[in-house]
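The structure appears below as C-alpha coordinates.
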2 protein chains.
Amino acid sequence: MANPKAGPQRSDWQRNHERLVATAAALVARDGAQVSLEEIAREAGVGSATLHRHFASRQVLLEEVFRDEVERLRRRAGELAGGDPRTGLVTWLEELTTSAANTRGLPASLAAGADVDSPDGDTCHGIVREATVVLVNRAFAVAAVRPEVSPDDLLTLVEAVSRATEGDPLTARRLLRLALDGICP
Amino acid sequence: MANPKAGPQRSDWQRNHERLVATAAALVARDGAQVSLEEIAREAGVGSATLHRHFASRQVLLEEVFRDEVERLRRRAGELAGGDPRTGLVTWLEELTTSAANTRGLPASLAAGADVDSPDGDTCHGIVREATVVLVNRAFAVAAVRPEVSPDDLLTLVEAVSRATEGDPLTARRLLRLALDGICP
DNA sequence: TTGACAAACGGAGGGGGCCCCCATATCGTA
DNA sequence: TACGATATGGGGGCCCCCTCCGTTTGTCAA
(Lines give C-alpha, C1' and ligand atoms only; values in the text may rest on other atoms or scores of the structure.)
Protein backbone atom coordinates (compact mmCIF):
# COMPACT_ATOMS: atom_id res chain seq x y z
CA MET A 1 0.00 0.00 0.00
CA ALA A 2 2.65 2.48 0.97
CA ASN A 3 4.73 0.69 -1.62
CA PRO A 4 7.08 3.12 -3.38
CA LYS A 5 7.32 0.82 -6.37
CA ALA A 6 3.58 1.02 -6.99
CA GLY A 7 2.35 2.88 -10.05
CA PRO A 8 0.71 6.30 -9.91
CA GLN A 9 -1.90 6.41 -7.19
CA ARG A 10 -5.02 8.49 -7.26
CA SER A 11 -4.58 12.10 -6.23
CA ASP A 12 -6.71 11.78 -3.11
CA TRP A 13 -4.57 8.85 -2.02
CA GLN A 14 -1.45 10.95 -2.34
CA ARG A 15 -3.00 13.95 -0.62
CA ASN A 16 -4.21 11.90 2.33
CA HIS A 17 -0.88 10.13 2.58
CA GLU A 18 0.97 13.41 2.89
CA ARG A 19 -1.53 14.85 5.33
CA LEU A 20 -1.25 11.75 7.51
CA VAL A 21 2.54 11.79 7.61
CA ALA A 22 2.63 15.52 8.35
CA THR A 23 0.03 15.24 11.09
CA ALA A 24 1.76 12.21 12.56
CA ALA A 25 5.06 14.09 12.60
CA ALA A 26 3.48 16.96 14.52
CA LEU A 27 1.69 14.77 17.05
CA VAL A 28 4.64 12.42 17.59
CA ALA A 29 6.85 15.45 18.19
CA ARG A 30 4.33 16.67 20.76
CA ASP A 31 3.32 13.41 22.47
CA GLY A 32 5.88 10.76 21.57
CA ALA A 33 5.77 7.57 19.55
CA GLN A 34 2.79 6.20 21.50
CA VAL A 35 0.37 8.87 20.32
CA SER A 36 -3.07 7.53 19.41
CA LEU A 37 -3.48 6.57 15.78
CA GLU A 38 -7.14 7.60 16.00
CA GLU A 39 -6.06 11.08 16.98
CA ILE A 40 -3.69 11.28 14.04
CA ALA A 41 -6.49 10.28 11.68
CA ARG A 42 -8.95 12.74 13.26
CA GLU A 43 -6.44 15.57 13.17
CA ALA A 44 -5.61 14.80 9.55
CA GLY A 45 -9.30 14.82 8.70
CA VAL A 46 -9.53 11.23 7.48
CA GLY A 47 -11.23 8.15 8.84
CA SER A 48 -9.18 5.73 10.89
CA ALA A 49 -9.71 3.07 8.24
CA THR A 50 -7.82 5.24 5.79
CA LEU A 51 -4.89 5.55 8.12
CA HIS A 52 -4.71 1.77 8.47
CA ARG A 53 -5.03 1.35 4.72
CA HIS A 54 -2.02 3.59 4.18
CA PHE A 55 0.13 2.26 7.01
CA ALA A 56 -0.07 -1.39 7.96
CA SER A 57 1.33 -0.69 11.43
CA ARG A 58 2.41 2.12 13.69
CA GLN A 59 6.00 1.25 12.88
CA VAL A 60 5.45 1.72 9.14
CA LEU A 61 4.04 5.18 9.80
CA LEU A 62 6.92 6.10 12.10
CA GLU A 63 9.41 4.95 9.50
CA GLU A 64 7.95 7.45 7.08
CA VAL A 65 7.75 10.21 9.69
CA PHE A 66 11.46 9.95 10.45
CA ARG A 67 12.69 9.19 6.94
CA ASP A 68 13.80 12.76 6.19
CA GLU A 69 15.79 13.16 9.37
CA VAL A 70 17.40 9.76 8.85
CA GLU A 71 18.29 10.64 5.26
CA ARG A 72 19.93 13.80 6.54
CA LEU A 73 21.95 11.70 8.98
CA ARG A 74 22.94 9.31 6.20
CA ARG A 75 24.29 12.18 4.10
CA ARG A 76 26.16 13.47 7.13
CA ALA A 77 27.76 10.06 7.57
CA GLY A 78 28.87 10.26 3.94
CA GLU A 79 30.65 13.53 4.65
CA LEU A 80 32.29 12.16 7.78
CA ALA A 81 33.54 9.14 5.86
CA GLY A 82 35.90 11.49 4.01
CA GLY A 83 37.90 12.70 7.00
CA ASP A 84 39.82 11.30 9.93
CA PRO A 85 38.42 7.86 10.85
CA ARG A 86 38.58 8.33 14.59
CA THR A 87 37.11 11.82 14.68
CA GLY A 88 34.60 10.79 12.07
CA LEU A 89 33.24 7.92 14.11
CA VAL A 90 33.10 9.88 17.33
CA THR A 91 31.41 12.84 15.65
CA TRP A 92 28.94 10.50 13.97
CA LEU A 93 27.99 8.82 17.23
CA GLU A 94 27.62 12.18 18.94
CA GLU A 95 25.48 13.69 16.22
CA LEU A 96 23.37 10.57 15.93
CA THR A 97 22.77 10.54 19.67
CA THR A 98 21.97 14.24 19.75
CA SER A 99 19.56 13.95 16.86
CA ALA A 100 17.81 10.95 18.38
CA ALA A 101 17.54 12.54 21.81
CA ASN A 102 16.17 15.68 20.18
CA THR A 103 13.61 13.96 17.98
CA ARG A 104 10.73 12.69 20.05
CA GLY A 105 9.89 9.09 19.15
CA LEU A 106 12.98 8.47 17.05
CA PRO A 107 14.88 6.39 19.62
CA ALA A 108 11.88 4.11 20.12
CA SER A 109 11.39 3.83 16.39
CA LEU A 110 15.04 3.01 15.73
CA ALA A 111 15.00 0.36 18.44
CA ALA A 112 11.78 -1.15 17.11
CA GLY A 113 13.24 -1.19 13.60
CA ALA A 114 16.07 -3.41 14.82
CA ASP A 115 13.59 -6.26 15.31
CA VAL A 116 12.07 -6.07 11.84
CA ASP A 117 13.68 -8.38 9.32
CA SER A 118 13.64 -6.30 6.18
CA PRO A 119 16.74 -5.28 4.18
CA ASP A 120 18.89 -2.70 5.95
CA GLY A 121 18.25 -0.02 3.37
CA ASP A 122 14.48 -0.19 3.92
CA THR A 123 14.20 0.92 7.53
CA CYS A 124 15.48 3.92 9.45
CA HIS A 125 17.35 1.55 11.74
CA GLY A 126 18.90 -0.16 8.72
CA ILE A 127 20.03 3.09 7.13
CA VAL A 128 21.63 4.25 10.36
CA ARG A 129 23.18 0.82 10.76
CA GLU A 130 24.77 0.85 7.33
CA ALA A 131 26.27 4.27 7.95
CA THR A 132 27.63 3.12 11.29
CA VAL A 133 29.17 -0.02 9.80
CA VAL A 134 31.10 2.05 7.28
CA LEU A 135 32.47 4.45 9.87
CA VAL A 136 33.33 1.70 12.34
CA ASN A 137 35.20 -0.25 9.68
CA ARG A 138 37.23 2.82 8.81
CA ALA A 139 38.04 3.26 12.49
CA PHE A 140 39.00 -0.41 12.77
CA ALA A 141 41.42 0.01 9.91
CA VAL A 142 43.49 2.51 11.89
CA ALA A 143 42.94 0.76 15.24
CA ALA A 144 40.94 3.69 16.59
CA VAL A 145 38.38 1.39 18.20
CA ARG A 146 38.78 -1.67 20.39
CA PRO A 147 38.54 -4.70 18.11
CA GLU A 148 35.89 -6.41 20.24
CA VAL A 149 33.43 -3.56 19.67
CA SER A 150 30.82 -4.21 16.99
CA PRO A 151 28.76 -1.64 15.09
CA ASP A 152 25.64 -3.17 16.59
CA ASP A 153 27.04 -2.70 20.08
CA LEU A 154 27.50 0.97 19.36
CA LEU A 155 24.04 1.28 17.87
CA THR A 156 22.44 -0.40 20.84
CA LEU A 157 24.33 1.93 23.12
CA VAL A 158 23.33 5.01 21.17
CA GLU A 159 19.69 3.93 21.00
CA ALA A 160 19.67 3.07 24.69
CA VAL A 161 21.20 6.39 25.73
CA SER A 162 19.06 8.53 23.46
CA ARG A 163 15.91 6.75 24.56
CA ALA A 164 16.77 7.15 28.22
CA THR A 165 17.43 10.87 27.76
CA GLU A 166 14.74 11.68 25.24
CA GLY A 167 14.22 15.41 25.14
CA ASP A 168 17.51 16.22 26.85
CA PRO A 169 20.24 16.17 24.16
CA LEU A 170 22.85 17.68 26.47
CA THR A 171 22.60 14.80 28.93
CA ALA A 172 22.48 12.39 26.00
CA ARG A 173 25.71 13.80 24.66
CA ARG A 174 27.39 13.71 28.05
CA LEU A 175 26.43 10.08 28.65
CA LEU A 176 27.65 9.09 25.22
CA ARG A 177 31.02 10.77 25.79
CA LEU A 178 31.21 8.97 29.11
CA ALA A 179 30.67 5.64 27.41
CA LEU A 180 33.14 6.45 24.66
CA ASP A 181 35.88 7.56 27.06
CA GLY A 182 35.22 5.09 29.87
CA ILE A 183 34.22 5.74 33.43
CA CYS A 184 37.57 5.36 35.10
CA PRO A 185 40.54 7.67 34.66
CA MET B 1 -4.33 1.87 50.53
CA ALA B 2 -1.21 -0.15 49.99
CA ASN B 3 0.14 1.91 52.86
CA PRO B 4 2.56 -0.12 54.96
CA LYS B 5 1.90 2.14 57.97
CA ALA B 6 -1.79 1.27 57.99
CA GLY B 7 -3.09 -0.85 60.85
CA PRO B 8 -4.13 -4.48 60.46
CA GLN B 9 -6.29 -4.96 57.39
CA ARG B 10 -8.97 -7.52 57.00
CA SER B 11 -7.77 -10.98 56.11
CA ASP B 12 -9.42 -10.97 52.70
CA TRP B 13 -7.63 -7.71 51.93
CA GLN B 14 -4.28 -9.25 52.75
CA ARG B 15 -5.02 -12.44 50.87
CA ASN B 16 -6.05 -10.57 47.73
CA HIS B 17 -3.07 -8.28 48.01
CA GLU B 18 -0.67 -11.20 48.06
CA ARG B 19 -2.46 -12.99 45.25
CA LEU B 20 -2.32 -9.87 43.12
CA VAL B 21 1.39 -9.29 43.66
CA ALA B 22 2.21 -12.93 43.02
CA THR B 23 0.09 -13.04 39.86
CA ALA B 24 1.52 -9.76 38.65
CA ALA B 25 5.04 -11.07 39.19
CA ALA B 26 4.30 -14.13 37.08
CA LEU B 27 2.62 -12.23 34.26
CA VAL B 28 5.19 -9.44 34.19
CA ALA B 29 7.94 -12.03 34.00
CA ARG B 30 6.12 -13.62 31.06
CA ASP B 31 4.89 -10.57 29.17
CA GLY B 32 6.78 -7.54 30.45
CA ALA B 33 5.79 -4.42 32.35
CA GLN B 34 2.99 -3.56 29.93
CA VAL B 35 0.89 -6.61 30.74
CA SER B 36 -2.82 -5.87 31.04
CA LEU B 37 -3.99 -5.03 34.55
CA GLU B 38 -7.33 -6.63 33.73
CA GLU B 39 -5.55 -9.87 32.98
CA ILE B 40 -3.69 -9.74 36.28
CA ALA B 41 -6.98 -9.24 38.11
CA ARG B 42 -8.68 -12.05 36.16
CA GLU B 43 -5.79 -14.43 36.73
CA ALA B 44 -5.71 -13.57 40.43
CA GLY B 45 -9.44 -14.22 40.63
CA VAL B 46 -10.46 -10.73 41.76
CA GLY B 47 -12.39 -7.93 40.10
CA SER B 48 -10.47 -5.17 38.39
CA ALA B 49 -11.86 -2.68 40.89
CA THR B 50 -10.09 -4.56 43.65
CA LEU B 51 -6.81 -4.35 41.85
CA HIS B 52 -7.19 -0.58 41.47
CA ARG B 53 -8.17 -0.26 45.11
CA HIS B 54 -4.97 -2.01 46.16
CA PHE B 55 -2.65 -0.30 43.72
CA ALA B 56 -3.26 3.29 42.70
CA SER B 57 -1.25 2.87 39.52
CA ARG B 58 0.64 0.31 37.51
CA GLN B 59 3.86 1.73 38.88
CA VAL B 60 2.80 1.14 42.50
CA LEU B 61 2.11 -2.49 41.66
CA LEU B 62 5.44 -2.89 39.87
CA GLU B 63 7.26 -1.37 42.83
CA GLU B 64 5.85 -4.11 45.02
CA VAL B 65 6.54 -6.84 42.46
CA PHE B 66 10.23 -5.95 42.31
CA ARG B 67 10.73 -5.03 45.96
CA ASP B 68 12.29 -8.38 46.92
CA GLU B 69 14.82 -8.39 44.11
CA VAL B 70 15.72 -4.79 44.84
CA GLU B 71 16.16 -5.55 48.53
CA ARG B 72 18.49 -8.36 47.57
CA LEU B 73 20.49 -5.93 45.46
CA ARG B 74 20.62 -3.45 48.34
CA ARG B 75 22.05 -6.06 50.65
CA ARG B 76 24.61 -6.99 48.00
CA ALA B 77 25.65 -3.34 47.78
CA GLY B 78 26.18 -3.41 51.54
CA GLU B 79 28.59 -6.32 51.18
CA LEU B 80 30.45 -4.65 48.34
CA ALA B 81 30.85 -1.49 50.39
CA GLY B 82 33.24 -3.40 52.62
CA GLY B 83 35.89 -4.23 50.01
CA ASP B 84 37.98 -2.49 47.40
CA PRO B 85 36.18 0.67 46.23
CA ARG B 86 37.01 0.30 42.55
CA THR B 87 36.18 -3.39 42.27
CA GLY B 88 33.15 -2.85 44.44
CA LEU B 89 31.67 -0.20 42.18
CA VAL B 90 32.39 -2.13 38.99
CA THR B 91 30.98 -5.35 40.43
CA TRP B 92 27.91 -3.50 41.66
CA LEU B 93 27.22 -1.96 38.28
CA GLU B 94 27.70 -5.30 36.57
CA GLU B 95 25.44 -7.21 38.92
CA LEU B 96 22.82 -4.49 38.82
CA THR B 97 22.84 -4.50 35.04
CA THR B 98 22.68 -8.27 34.87
CA SER B 99 19.83 -8.44 37.34
CA ALA B 100 17.87 -5.76 35.52
CA ALA B 101 18.43 -7.33 32.12
CA ASN B 102 17.37 -10.67 33.55
CA THR B 103 14.24 -9.44 35.28
CA ARG B 104 11.56 -8.63 32.76
CA GLY B 105 9.99 -5.26 33.46
CA LEU B 106 12.54 -4.17 36.02
CA PRO B 107 14.46 -1.75 33.77
CA ALA B 108 11.24 0.01 32.75
CA SER B 109 10.10 0.14 36.34
CA LEU B 110 13.40 1.56 37.57
CA ALA B 111 13.37 4.20 34.85
CA ALA B 112 9.77 5.14 35.63
CA GLY B 113 10.61 5.37 39.31
CA ALA B 114 13.17 8.06 38.54
CA ASP B 115 10.35 10.43 37.61
CA VAL B 116 8.36 9.95 40.80
CA ASP B 117 9.13 12.47 43.52
CA SER B 118 8.91 10.35 46.63
CA PRO B 119 11.77 9.84 49.11
CA ASP B 120 14.59 7.70 47.75
CA GLY B 121 14.00 4.90 50.25
CA ASP B 122 10.40 4.45 49.08
CA THR B 123 10.90 3.37 45.49
CA CYS B 124 12.97 0.67 43.84
CA HIS B 125 14.75 3.33 41.87
CA GLY B 126 15.48 5.24 45.06
CA ILE B 127 16.87 2.21 46.86
CA VAL B 128 19.15 1.39 43.96
CA ARG B 129 20.14 5.02 43.75
CA GLU B 130 21.14 5.22 47.42
CA ALA B 131 23.28 2.12 47.08
CA THR B 132 24.94 3.52 43.99
CA VAL B 133 25.68 6.85 45.66
CA VAL B 134 27.50 5.12 48.50
CA LEU B 135 29.64 3.01 46.19
CA VAL B 136 30.41 5.90 43.85
CA ASN B 137 31.48 8.10 46.74
CA ARG B 138 33.85 5.41 47.97
CA ALA B 139 35.29 5.17 44.48
CA PHE B 140 35.63 8.94 44.30
CA ALA B 141 37.62 8.91 47.51
CA VAL B 142 40.35 6.82 45.93
CA ALA B 143 40.06 8.50 42.51
CA ALA B 144 38.82 5.30 40.91
CA VAL B 145 36.21 7.15 38.87
CA ARG B 146 36.42 10.27 36.72
CA PRO B 147 35.31 13.15 38.90
CA GLU B 148 32.77 14.43 36.35
CA VAL B 149 30.77 11.20 36.55
CA SER B 150 27.71 11.37 38.79
CA PRO B 151 25.83 8.44 40.35
CA ASP B 152 22.77 9.46 38.35
CA ASP B 153 24.78 9.28 35.14
CA LEU B 154 25.75 5.73 35.97
CA LEU B 155 22.19 4.82 36.90
CA THR B 156 20.82 6.24 33.70
CA LEU B 157 23.43 4.31 31.78
CA VAL B 158 22.67 1.06 33.58
CA GLU B 159 18.92 1.50 33.16
CA ALA B 160 19.34 2.39 29.49
CA VAL B 161 21.56 -0.58 28.74
CA SER B 162 19.48 -3.09 30.67
CA ARG B 163 16.29 -1.86 29.07
CA ALA B 164 17.79 -2.06 25.60
CA THR B 165 19.01 -5.60 26.19
CA GLU B 166 16.10 -6.90 28.26
CA GLY B 167 16.23 -10.67 28.35
CA ASP B 168 19.84 -10.87 27.19
CA PRO B 169 22.04 -10.42 30.26
CA LEU B 170 25.21 -11.42 28.42
CA THR B 171 24.87 -8.57 25.93
CA ALA B 172 23.88 -6.26 28.77
CA ARG B 173 27.05 -7.14 30.62
CA ARG B 174 29.20 -6.71 27.53
CA LEU B 175 27.75 -3.29 26.76
CA LEU B 176 28.22 -2.15 30.33
CA ARG B 177 31.86 -3.22 30.31
CA LEU B 178 32.27 -1.36 27.05
CA ALA B 179 30.92 1.80 28.60
CA LEU B 180 33.03 1.38 31.73
CA ASP B 181 36.24 0.79 29.81
CA GLY B 182 35.66 3.16 26.90
CA ILE B 183 35.34 2.37 23.24
CA CYS B 184 38.84 3.31 22.10
CA PRO B 185 42.04 1.50 23.01
C1' DT C 1 -18.79 16.12 -21.71
C1' DT C 2 -20.31 12.08 -19.87
C1' DG C 3 -20.62 7.50 -18.22
C1' DA C 4 -18.76 3.52 -16.04
C1' DC C 5 -15.44 1.16 -13.27
C1' DA C 6 -11.74 0.73 -10.27
C1' DA C 7 -9.83 2.95 -6.38
C1' DA C 8 -10.28 5.03 -2.18
C1' DC C 9 -13.01 6.60 1.64
C1' DG C 10 -15.29 6.67 6.36
C1' DG C 11 -18.73 5.38 9.76
C1' DA C 12 -19.75 1.91 12.65
C1' DG C 13 -18.92 -2.00 15.45
C1' DG C 14 -16.34 -5.87 17.77
C1' DG C 15 -12.84 -6.69 20.97
C1' DG C 16 -9.94 -5.02 24.51
C1' DG C 17 -8.00 -1.96 28.19
C1' DC C 18 -8.33 1.50 32.11
C1' DC C 19 -10.73 3.26 35.80
C1' DC C 20 -14.75 4.24 38.85
C1' DC C 21 -19.53 3.83 40.95
C1' DC C 22 -22.47 1.66 44.04
C1' DA C 23 -25.22 -2.27 45.41
C1' DT C 24 -23.74 -6.42 47.70
C1' DA C 25 -21.11 -9.63 50.48
C1' DT C 26 -17.81 -10.59 54.03
C1' DC C 27 -15.01 -10.07 58.22
C1' DG C 28 -14.33 -9.12 63.04
C1' DT C 29 -16.39 -8.08 67.20
C1' DA C 30 -19.60 -7.33 71.02
C1' DT D 1 -25.63 -14.18 66.42
C1' DA D 2 -26.26 -9.69 64.82
C1' DC D 3 -24.28 -5.45 63.47
C1' DG D 4 -21.21 -2.01 61.42
C1' DA D 5 -17.14 -1.20 59.11
C1' DT D 6 -14.53 -2.92 55.46
C1' DA D 7 -13.85 -4.86 51.14
C1' DT D 8 -15.62 -6.80 46.87
C1' DG D 9 -16.99 -7.08 41.80
C1' DG D 10 -20.08 -6.47 37.93
C1' DG D 11 -21.04 -3.23 34.85
C1' DG D 12 -20.61 1.14 32.43
C1' DG D 13 -18.15 5.10 30.43
C1' DC D 14 -14.54 6.30 27.70
C1' DC D 15 -10.75 5.50 24.70
C1' DC D 16 -7.96 2.64 21.56
C1' DC D 17 -6.93 -0.63 17.62
C1' DC D 18 -8.46 -2.65 13.57
C1' DT D 19 -11.73 -4.37 9.92
C1' DC D 20 -16.02 -4.74 7.24
C1' DC D 21 -18.82 -2.98 3.79
C1' DG D 22 -21.87 0.40 1.69
C1' DT D 23 -20.79 4.89 -0.43
C1' DT D 24 -18.16 8.43 -2.74
C1' DT D 25 -14.59 10.06 -5.83
C1' DG D 26 -11.09 10.21 -9.35
C1' DT D 27 -9.82 8.73 -13.94
C1' DC D 28 -10.09 7.64 -18.61
C1' DA D 29 -12.11 6.18 -22.77
C1' DA D 30 -15.84 7.00 -25.80
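Just so it is clear, the model here is predicted, and its values are computed rather than measured. Throughout, a chain's letter reflects where its sequence line sits, starting with A, and its residues are numbered from 1.
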> Which of residues 21-42 of chain A sit near DNA chain D, with a heavy atom under 4.0 Å from it?
Replying inline: A/Ser36, A/Leu37, A/Glu38, A/Arg42

>> Whole angstroms only, please: what is the CD-P distance between B/Gln59 and C/dC19?
In response: 13 Å

> Judged by atom type as modelled, is there a donor-acceptor pair below 3.5 Å linking the side chain of A/Arg163 to the main-chain atoms of A/Pro107?
Replying inline: no

>> Can you pull out every side chain to side chain donor-acceptor pair (under 3.5 Å) where at least one residue sits in residues 130-145 of chain B? Sequence neighbours excluded, please.
In response: B/Trp92-B/Thr132

> When the distance from CZ of A/Arg19 to P of C/dC9 is rounded to whole Å, what number comes out?
Replying inline: 12 Å

> Would you say B/His54 reaches D/dA7's phosphate, i.e. side-chain N/O to OP1/OP2 under 4.0 Å?
Replying inline: no

> Is a side-chain N or O of B/Arg177 found less than 3.5 angstrom from the main chain of B/Glu94, in a donor-acceptor match?
Replying inline: no

> Are A/Arg53 and C/dG10 close enough that a side-chain N or O sits under 4.0 Å from OP1 or OP2?
Replying inline: no

> Phosphate oxygens OP1/OP2 of C/dC19: is one of them under 4.0 Å from a side-chain N or O of B/His52?
Replying inline: yes

Got a list of side-chain donor-acceptor pairs under 3.5 Å for residues 140-147 of chain B, not counting sequence neighbours?
| from | atom 1 | to | atom 2 | distance (Å) |
| --- | --- | --- | --- | --- |
| B/Arg146 | NE | A/Gly182 | O | 2.8 |
| B/Arg146 | NH2 | A/Asp181 | O | 3.3 |

>> Any side-chain N or O of A/Asn16 below 4.0 angstrom from OP1/OP2 of C/dC9?
In response: yes

> What integer distance in Å separates B/Leu51:CG from D/dT8:C1'?
Replying inline: 13 Å

> For A/Ala108, what residues pass the side chain to side chain contact (heavy atoms under 4.5 Å, CB included) criterion, not counting sequence neighbours?
Replying inline: A/Ala33

> When you check every protein heavy atom under 4.0 Å of nucleotides 24-30 of chain D, what one-letter string (B, S, -) results, 5' to 3'?
Replying inline: -BSS---

> Does CZ in B/Arg19 sit with more than 12 non-hydrogen atoms of other residues, nucleotides or ligands closer than 6.0 Å?
Replying inline: no

> Side chain of B/Thr103, backbone of B/Ser99: donor and acceptor closer than 3.5 Å?
Replying inline: yes

> Where each residue is assigned the nucleotide of DNA chain C containing its nearest heavy atom, which of A/Ala49 and B/Ser57 is assigned the position nearer the 5′ end?
Replying inline: A/Ala49

> Which side chain to side chain donor-acceptor pair (under 3.5 Å) pairs, counting each pair once, include a residue from residues 26-40 of chain A, with sequence neighbours left out?
Replying inline: A/Arg30-A/Glu39

> Testing B/Glu64, B/Arg53, B/Gln9 for side chain to side chain donor-acceptor pair (under 3.5 Å) with B/His17, which one passes?
Replying inline: B/Glu64

> Once you round it to whole Å, what is the distance between P of C/dA8 and CZ of A/Phe55?
Replying inline: 14 Å

>> Here's a test of your reading of the structure: between A/Thr50 and B/Ser48, which maps to the more 5' nucleotide of DNA chain D?
In response: B/Ser48

